[in-house]
Amino acid sequence: VVPYDSSALFLLEGDHLRIRAGRGFPNLPELQAQIFPLDNPLLIEMNAAFTPIIIHDAQTDPRFQRWGENSYIHGWMGLPLMARGELIGYMTIDNHLPGAYGPPEAALVQAFANEAAIALENARLFQQVQHLAITDPLTDCYNRRYFFEAAHREFERARRYGLPLTLILLDLDYFKAVNDTYGHLAGDAVLMEVARRCRQNLREVDILARYGGEEFVILLPLTPLEGGRQLADRLREAISLPVKHGDIAVSISASQGVTELDAACPDIQALIEQADQALYHT
């Protein structure tokens with residue numbers, strides 16, 4: 001409907017923008033790696049009126065100076081992406097020809113941009129709901145329900161192909177005393193920090209979940225027992241460092257049970273029970 005040579009979709013990420021989709025750019029990967037500041041004159045102008053901005057020739061307009069090194073862009077327009085009254089980003093349309101766009105083209109593209117903004121916001125909200133459904137809200141680890149779903153898949157894959165699979169059950173020692181001594185806010189800070197330290201030591205494929213109040217479970221695909229023991233040692237060292245909460249430093253430690261899938265183990269729950277038994281022997 002509106003001819004163009006390149007186009008980009010910028011979405012807000014905190015105090016900056018990033019290109020999340022684009023077409024027609026010879027250097028798109030490079031542009032997607034960049035962060036675009038919000039103090040660009042074009043953005044400020046669009047923010048003030050929430051209306052499209054049309055540039056006759058971008059190469060002669062000083063407002064365009066921070067929009068990349070693409071010297072072929074002449075005709076240009078930028079449009080705000082609004083969803084439920086909130087600005088979520090911008091859409092830009094570029095053309096080799098100066099004066100390629102005017103109010104009629106801007107009206108057409110803005111109508112499309114409005115629909116795109118609603119679709120993007122719905123997708124973001126859906127993703128947010130999906131994340132909340134599988135995540136422990138305090139530690140941002142997976143919750144127990146999702147862990148069993150993901151762990152069952154890994155269990156079946158390991159059993160089918162004869163792959164190693166190790167599980168670690170981690171329990172914070174004397175955690176009730178932390179709550180009783182320093183308060184529940186300090187206890188929450190400890191749980192969040194323990195989860196963060198665990199994540200720092202895990203691979204992308206490992207599955208970390210909050211199993212209970214102060215219990216965490218870690219499933220290690222493609223990992224034999226010795227690899228799990230080595231990881232458990234690293235986690236013990238990482239967790240043993242005091243957790244700062246305000247003016248206090250909370251000392252913590254953890255007990256861990258490590259077990260590996262064997263032919264006698266019938267399901268993931270049995271694997272967890274094996275790790276639980278190993279924990280109480282540490």
- request: Apply salt bridge (charged side-chain N to carboxylate O under 4.0 Å, His left out) to Arg159 and list each qualifying residue two or more places apart in sequence or on a separate chain.
  value: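 Testing Arg159 for salt bridge (charged side-chain N to carboxylate O under 4.0 Å, His left out), a comparison that skips the adjacent residues, returns none.
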Determine all donor-acceptor pairs shorter than 3.5 Å in which one atom belongs to a side chain in residues 148-155; sequence neighbours excluded.
from: Glu149; atom 1: OE2; to: Arg145; atom 2: NH1; distance (Å): 2.9
from: Glu154; atom 1: OE1; to: Arg157; atom 2: NE; distance (Å): 3.3
from: Glu154; atom 1: OE1; to: Arg157; atom 2: NH2; distance (Å): 3.0

If only atom types and distance count, is the side chain of [X] paired as donor or acceptor with the main-chain N or O of [Y] below 3.5 Å?
X      : Y      : value
Arg210 : Asn143 : no
Arg63  : Leu42  : no
Glu193 : Val190 : no
Ser7   : Thr92  : yes
Asp206 : Arg203 : yes

Are side-chain heavy atoms of [X] and [Y] found at a separation under 4.5 Å?
X      : Y      : result
Ser6   : Arg23  : no
Leu79  : Asn114 : no
Phe126 : Arg124 : no
Ile168 : Leu231 : yes
Pro137 : Leu132 : no
Arg196 : Met192 : no

Donor-acceptor side-chain pairing of [X] and [Y] below 3.5 angstrom:
X      : Y      : result
Asp171 : Ser255 : no
Asp140 : Thr135 : no
Tyr90  : Asn47  : yes

message: Under the side chain to side chain donor-acceptor pair (under 3.5 Å) definition, can you give me all pairs with a residue in residues 48-60, not counting sequence neighbours?
response: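 Of all non-adjacent pairs touching residues 48-60, those that pass side chain to side chain donor-acceptor pair (under 3.5 Å) are Asp57-His74.
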